[in-house]
Structure formats: C-alpha cells, structure tokens
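Everything on this sheet refers to the single structure shown next.
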Amino acid sequence: MYLTYENKSSEKEVIHDTEKAELASVFGKGSSNKLIQGDNLATLKTLLDDHNLAKKIDLIYIDPPFSTNGHFKISDDRASTISKSIGDDIAYSDTLVGPDFLEFLRKRLILLRELMSDRASIYLHIDYKIGHYVKVIMDEVFGKKNFRNDITRIKCNPKNFSRKAFGNVKDMILFYSKTDKMTWNDLKAPFSDEDISRLFKKIEKDGRRYTTIPLHAPGETSNGKTGQEWRGIKPPKGRHWRSAPSVLEELDKQGLIEWSLNGVPRKKIFAEDSVGKKMQDIWEFKDPQYPNYPTEKNIELVKFIIGSSSRPGETVLDCFSGSGTTLLAAQELQRQWIGIDKSDHAIKITQKRLSEIPNVLFSKVDYEFLKQTNI
Ligand SMILES: C[S@@+](CC[C@H](N)C(=O)[O-])C[C@H]1O[C@@H](n2cnc3c(N)ncnc32)[C@H](O)[C@@H]1O
C-alpha cells in the first residue's frame, strides 16, 4: 500500500539528488556531540555523505511541525501561542500542508533511515490530524514489519472547549525499528498507589505490603535438588521447587515464606522490591506548563524513549530539535547526541539549556562560546 500524491520523488532521487549544505554553524566540533543550525534535509545529506555517519545513528526521536498552518510565537510569559500572521516574535513557522507536508517529512525519513544502524529505532511525534497519513508514509519508508507501536501520549489535562467533538488530550508517537535486531531495554513503569493496593493486598506487621506466590514452578526435575523433599513436603506432581531446599530454608529463616493454616508454604513478594509493571502503549507525560520554547516536550518522555531503545555511549539524533529537549535527555543518560534546527531562537535556547548542565562534552572553545551566549 502506498500513498500517491503529485510531485512524489523516488527514494533514489531523495538519496542521490538531495543537495548538501556547508555545516556553517556546528557547535561541538571535535566532540561527538553536535548542535547544527540549518535546514535538516541538506544537513542530513551532508552527515551521510561527508561525515561518514551512514548506519551510525542508534536512536532517533523527532517532533516535527504538525502541519498546523500557523506560526509559533514566543510570548512574554515564555509559553507558546500560535498565530496566523508572521511577526518578529516567531520561534518557528509551520505552514506546509497536505502532500507538501507529507513529502517534506518523507524525504527526511528516507535520509534518517540511511543514517540508522541495524539496532536503531525511530520515534516520531505527531498529532491526530495528520498522523494517520504519516503512519502510511512510515510504513513505506521503514517497512510494515518494523512497526512497533502507535503510542498514545496524554499531553494535557481535560479541556472543556465548546466544540462539537470530544476533547483532545492526546497526541501520538509512531515507533519503528530499522531491523528486528533493535536495542530493547524493557523498562518498567512504576506501580500506582491503586496498583499497589490491588496487587499487594497483605500487610506485614511492620506495615509493608506484600503478596504471595507458589514456592514451586512447572516442570519435573527428578534428579536435581529442586525436585527433592523439603520439610517433609515434595513439590506437587509435574512441578519443582523454585530454589534448592537449602535456599528455601534460608528464605524461611528470613521470614520470606508464609505458611498457610494447613501447612502450605508460599513465597512473599514485597511491593517495595518489585520493579514495576510492563509499560503499555498509553503514556502520560504532560508538557511543561512554562516551556522554554513553543511546543517544548516533556523531558521525562524523551528520557523514557532513550532508556528503552538505546545504550549508554550510543548516538541519539533529533533533526527537529527545537529547544534541545532530546539533547539534554541524551546528555543526562550518557548518550552522545546530534541536534539540528533551523530556527535562531531554537538554537539560542538550546545553547542556554546545555550551558546550564555541567560537563557537557562540547569541545572547550565551543563550551566557552556557549557560556558567552547572552539570552
Ligand atoms: C515541534 S518543534 C520541536 C520542539 C522540541 N521537541 C522541543 O522539545 O523543544 C519543531 C522544530 O522543528 C524545526 N524545523 C522545522 N522545519 C525544519 C527544517 N526544515 N530544518 C530544521 N529544523 C526545522 C523548527 O524550527 C522547530 O524548532
């Protein structure tokens, strides 16, 4: 299945005929971290051809314009407002619509795919108005088999606008991998108070909540220690003890086994020792109330993505980096990073935010430059 529209270039044309750019404003020369000001299409092509980065990027998070046909203003209270007219106080414009927008995005996605290593993933942030068309484009570029999730992101509190439709509190993040060898760290979501009351119903004398699980697991081990009798009890037929009898003895001494009235032992599992629950595909990470930049995303959201889909030392790229949220998140999690944005305001805000973190791995001269940036 393909989307057809006028002026759709072939993949070959995008890969071979895209013009390169002089990377005039690269901050971070000499280090692996780079903040580049410029149009991202030409910049990606230059990174691919002249910086030897083909198949070197391990994770991409992008939050492009959402085809709103408006201009994002920097207002006095630093929060973002959208306007239909352009003026001096514009942080960035978002005026491509329909097929022009889709083709703009598709060209960048094709070059991004060329930059991705075999273990890389890409997360694309978009909204419900254009997102379903973008999903089809992503299927084309990355292959349906590499589609992992359409994550619903709860972005704000419920709204009560008078509108003949339901309130909109979500946007979407489309998650694809380059191959099935993708990096995956199964990070857990913390239990809520409600989860803890539901899952850990029993309460220890000292107030700690716990639940119990059987001491045995399926499978016979007739020869091994876990198949032997413990305290005069054999594991039920077709099952074996979870640990050798000597270990069970130790657990019992430590008060970690609960005995029922009719003498059945079960293992105690405490809420405080549990790692949390499997993260599902609805995430609540609301955006900052007082953003540094219009449409700035919640840094915890980006940290969760980086933690799930990359390893320390690997390279994270964001070619619509805005105020640098992805770069800060990557820096905090000891990943290397490359950010690209064409807006002066975005670059200035990013420099300021980065200069506030100690030990950013910019080369010395650029770090000095950052400190001098006066905004
Ligand atoms: C939605 S904002 C990103 C916000 C960012 N996630 C943050 O947390 O601050 C989109 C950004 O894409 C940038 N942008 C749009 N078109 C671009 C292009 N062709 N090349 C480079 N940057 C572009 C805009 O300047 C804007 O900063």
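Indexing begins at 1, ligand by ligand and atom by atom, following the structure's order. Keep in mind that what you see is a predicted model, and the values were worked out from it rather than measured.
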Original post:
Centroid-to-centroid, F101 to F66, below 6.0 Å?
Top reply: no

Subject >> Heavy-atom nearest neighbour in the protein, as seen from atom 13 (C) of ligand 1, with distance rounded to 0.1 Å >> reply: D341 OD2, 3.2 Å

**OP:** State whether a side-chain donor-acceptor pair under 3.5 Å links W241 with Q228.
**Re:** no

Original post:
Just checking, is any N or O donor in the side chain of K286 or N298 under 3.5 Å from an acceptor N or O on the other one?
Top reply: no

Original post:
Which word best sums up how the rings of Y293 and H345 line up, parallel for under 30°, tilted for 30 to 60°, or perpendicular for over 60°?
Top reply: parallel

**OP:** Heavy-atom distances under 4.0 Å are what count here, so tell me which part of F66 touches ligand 1: side chain, backbone, both or neither.
**Re:** neither

Original post:
Side chain, backbone, both or neither: which part of Y92 comes within less than 4.0 Å of ligand 1 when only heavy atoms are counted?
Top reply: side chain

Original post:
Below 3.5 angstrom, do we get any N/O pair linking Y61 and ligand 1?
Top reply: no

Original post:
Can you list the atoms of ligand 1 that are under 4.0 Å from a heavy atom of F104?
Top reply: 16 (N), 19 (N)

**OP:** Can you sort out which atoms of ligand 1 are near P65, meaning under 4.0 Å from one of its heavy atoms?
**Re:** 15 (C)

Original post:
So is R108 close enough to ligand 1, meaning a heavy atom under 4.0 angstrom away?
Top reply: yes

Original post:
Is P294 in contact with ligand 1, taking contact as a heavy-atom separation below 4.0 Å?
Top reply: no

Subject >> Sidechain N-carboxylate O distance under 4.0 Å for D252, R231 >> reply: yes

Subject >> N149 backbone acceptor or donor facing D281 side chain under 3.5 Å >> reply: no

